Amino acid sequence: MKWILSILINSLVLIVVSGLLKILAPNSFYIENISTAIVASVILAILNVFVKPFLVLITLPITVFTFGFFLIVINAFTLKIVEYLLGNAFHIQGFGTAIVAAIFIALFNMLIDNTVLNPLSKRK
């Protein structure tokens, strides 16, 4: 159940980030519809389980050297993989946009975790 909630929250975050980036730079981040956002969120979750640990391991020296900020580049890379897999339904214009999107996604997820999910889990 928690996994499904996480997928739905991440889907909404992707849509919000897409809208935010459309304001800042039109045509830079495109998601066709909510079902595309859900599929993208599922793919991101799968990549975060299977691919991201390997990427973190092989880039560990630079990640340590940059005090963990290189993880944003890894998150941007996973977003670009999702773009490749989903084709025209999910588009990120350039790697710089993917980095900005990864930063926004991380910030929104942190905000949602701290203000909504953690207080709800403490109530149980």
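Only a predicted model underlies this, so the values are computations on that prediction, with no experimental measurement involved.
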Measure the spacing between [atom1] of [X] and [atom2] of [Y] and express it to the nearest 0.5 Å.
{"X": "Ser6", "Y": "Ile112", "atom1": "OG", "atom2": "CD1", "answer": "10.0 Å"}
{"X": "Asn10", "Y": "Leu5", "atom1": "CG", "atom2": "CG", "answer": "9.5 Å"}
{"X": "Asn88", "Y": "Glu83", "atom1": "CG", "atom2": "CD", "answer": "9.5 Å"}
{"X": "Leu79", "Y": "Ile99", "atom1": "CG", "atom2": "CD1", "answer": "10.5 Å"}

Contact check, side chains of Phe104 and Leu24, non-hydrogen atoms, under 4.5 Å: yes
Within a reach of under 6.0 Å around [atom1] of [X], are more than 12 heavy atoms found that belong to other residues, nucleotides or ligands?
{"X": "Phe95", "atom1": "CZ", "answer": "yes"}
{"X": "Asn114", "atom1": "CG", "answer": "yes"}
{"X": "Phe77", "atom1": "CZ", "answer": "no"}
{"X": "Asn27", "atom1": "CG", "answer": "no"}

Qualifying side-chain hydrogen bond (donor to acceptor under 3.5 Å, both in side chains) pairs, either residue in residues 41-56, two or more places apart: Lys52-Asn75
Are [X] and [Y] connected, step by step, through hydrophobic side chains (Ile, Leu, Val, Met, Phe, Trp, Tyr) whose heavy atoms are closer than 4.5 Å?
{"X": "Leu111", "Y": "Leu8", "value": "no"}
{"X": "Ile23", "Y": "Tyr30", "value": "no"}
{"X": "Leu57", "Y": "Ile46", "value": "no"}
{"X": "Leu44", "Y": "Leu107", "value": "yes"}
{"X": "Val73", "Y": "Leu60", "value": "no"}

Shortest non-hydrogen separation from [X] to [Y] and the atoms involved:
{"X": "Leu86", "Y": "Ala40", "value": "CD1-CB, 3.7 Å"}
{"X": "Thr66", "Y": "Phe70", "value": "OG1-N, 3.2 Å"}
{"X": "Phe29", "Y": "Ser18", "value": "O-OG, 3.2 Å"}
{"X": "Ala76", "Y": "Ala102", "value": "N-CB, 3.9 Å"}
{"X": "Ser11", "Y": "Ala37", "value": "OG-O, 3.4 Å"}
{"X": "Thr78", "Y": "Leu47", "value": "O-CD1, 3.7 Å"}

Sole residue of Ile74, Val64, Leu71 in side chain to side chain contact (heavy atoms under 4.5 Å, CB included) with Thr59: Ile74
Residue from Val100, Ile72, Leu14, Val16 passing side chain to side chain contact (heavy atoms under 4.5 Å, CB included) with Ile105: Leu14
Verdict with reasoning, Phe108 to Leu20, per side-chain contact (heavy atoms from CB on, under 4.5 Å): CA-CA 12 Å; Phe108 283 128; Leu20 184 63; 4.3 Å; yes
Side chain Ser28, main chain Gln93, donor-acceptor under 3.5 Å: no
